[in-house]
Amino acid sequence: MTTDFPNPDDILNFRLTLTPDEGLYKSGTFLFTFAIPANFPHEPPKVKCTQKIYHPNIDLEGNVCLNILREDWKPVLNLNAVIVGLQFLFLEPNASDPLNKEAANDLMSDRERFKRNVRAAMQGGSVNRETFEKVVQ
């Protein structure tokens with residue numbers, strides 16, 4: 001993973017690039033934006049995926065469903081906890097708390113179809129009439 005600060009004078013807004021080295025999303029490159037609110041750490045950071053990806057916990061607009069970004073946020077948590085949580089979502093997608101219900105249904109009902117859909121989407125293909133951005137080299 002790498003971080004990038006588009007504006008070096010604004011350390012509260014940055015980008016994180018994740019490239020999983022194992023799991024279904026292995027070799028994909030995923031870009032997230034982080035916006036740290038003024039009352040951090042009492043409020044969680046705002047995190048979005050900039051690409052349209054096929055994932056049960058990331059919707060087609062890039063919103064991320066990670067419990068510590070919502071109801072389970074506590075001021076003792078830090079950005080590292082969020083980054084580890086994002087990494088875990090790519091290792092173990094969670095179909096029980098989905099933002100993308102179609103992907104979650106595929107994961108729960110037909111894991112092989114889910115794997116095929118992940119591969120197709122990562123290659124820039126279409127799944128369920130949605131075209132995805134190519135995220136593998």
Side-chain angles (χ1 to χ4, degrees):
M1 84 186 115
T2 60
T3 54
D4 172 44
F5 292 86
N7 178 353
D9 296 327
D10 181 7
I11 62 170
L12 298 180
N13 291 283
F14 63 93
R15 296 184 296 220
L16 173 78
T17 303
L18 282 177
T19 305
D21 57 5
E22 57 184 298
L24 297 176
Y25 295 89
K26 181 180 180 176
S27 301
T29 300
F30 305 97
L31 182 63
F32 292 86
T33 58
F34 278 65
I36 311 302
N39 60 348
F40 181 82
H42 299 286
E43 184 179 319
K46 305 289 185 233
V47 178
K48 274 190 98 109
C49 184
T50 65
Q51 301 124 311
K52 187 188 331 181
I53 65 172
Y54 181 79
H55 193 291
N57 309 110
I58 301 171
D59 70 16
L60 298 177
E61 288 77 44
N63 298 304
V64 178
C65 182
L66 185 62
N67 61 341
I68 63 171
L69 291 175
R70 301 177 315 182
E71 70 274 358
D72 289 345
W73 178 259
K74 294 174 181 48
V76 297
L77 293 172
N78 58 28
L79 293 177
N80 192 53
V82 174
I83 293 167
V84 168
L86 289 174
Q87 289 174 315
F88 190 72
L89 284 183
F90 284 103
L91 280 176
E92 292 292 331
N94 180 3
S96 64
D97 189 18
L99 280 180
N100 181 331
K101 293 186 185 346
E102 288 183 9
N105 289 338
D106 280 348
L107 177 57
M108 287 191 298
S109 65
D110 188 344
R111 189 164 177 87
E112 288 306 311
R113 180 176 61 211
F114 178 77
K115 287 179 186 179
R116 285 191 308 272
N117 287 344
V118 168
R119 282 193 299 273
M122 287 177 52
Q123 290 293 333
S126 294
V127 177
N128 300 328
R129 295 176 302 283
E130 289 286 343
T131 301
F132 294 85
E133 185 175 333
K134 184 175 181 179
V135 296
V136 292
Q137 308 307 20

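Cluster membership for Phe5 and Leu86, using ILVMFWY side-chain heavy atoms within less than 4.5 angstrom, is shared. Cluster membership for Val47 and Leu12, using ILVMFWY side-chain heavy atoms within less than 4.5 angstrom, is shared. Note: the hydrophobic cluster containing Met108 does not contain Phe114 (ILVMFWY, side chain heavy atoms under 4.5 Å, direct or indirect links).
With a 4.5 Å cut-off on side-chain heavy atoms, Leu16 and Thr3 count as touching.
The CZ atom of Arg113 lies 8.5 Å from the CG atom of Asn105; values are rounded to the nearest 0.5 Å. Of the inter-residue distances, the one linking Arg116 atom CZ with Asp110 atom CG reads 6.0 Å to the nearest 0.5 angstrom. Rounding to the nearest 0.5 Å gives a distance of 8.5 Å between CG of Asn7 and CG of Asn13. A distance of 12.0 Å separates CD of Glu112 from CG of Asp106, quoted to the nearest 0.5 Å. Taken to the nearest 0.5 Å, the CG atom of Leu89 stands 11.0 Å off from the SG atom of Cys49.
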Residues 22-39 side chain polar contacts: donor-acceptor under 3.5 Å, at least two apart:
unit_1: Tyr25; atom_1: OH; unit_2: Tyr54; atom_2: O; d: 2.7
unit_1: Asn39; atom_1: ND2; unit_2: Glu43; atom_2: OE1; d: 3.2

Listing, residues 130-137 side-chain donor-acceptor contacts under 3.5 Å, not counting sequence neighbours, or none:
unit_1: Glu130; atom_1: OE1; unit_2: Lys52; atom_2: NZ; d: 2.9
unit_1: Thr131; atom_1: OG1; unit_2: Ser126; atom_2: OG; d: 3.0

Please report, to 0.1 Å, the donor-acceptor pairs under 3.5 Å made by any side chain of residues 61-84, with sequence neighbours excluded.
unit_1: Asn63; atom_1: OD1; unit_2: Lys48; atom_2: NZ; d: 3.0
unit_1: Asn63; atom_1: ND2; unit_2: Asp59; atom_2: OD1; d: 3.4
unit_1: Asn63; atom_1: ND2; unit_2: Asp59; atom_2: OD2; d: 3.0
unit_1: Asn67; atom_1: ND2; unit_2: Asp72; atom_2: OD2; d: 2.8
unit_1: Arg70; atom_1: NH2; unit_2: Asp97; atom_2: OD2; d: 2.9
unit_1: Trp73; atom_1: NE1; unit_2: Pro41; atom_2: O; d: 2.8
unit_1: Asn78; atom_1: OD1; unit_2: Asn80; atom_2: N; d: 3.0
unit_1: Asn78; atom_1: OD1; unit_2: Ala81; atom_2: N; d: 3.0

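Among all heavy-atom pairs drawn from Pro98 and Ala104, the shortest one is CB-CB, 3.4 Å. Here the shortest heavy-atom pairing between Phe90 and Ile58 reads CZ-CD1, 4.2 Å.
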Test side chain to side chain contact (heavy atoms under 4.5 Å, CB included) applied to Asn100 and His55, step by step
CA-CA 7 Å; Asn100 181 331; His55 193 291; over 6 Å; no
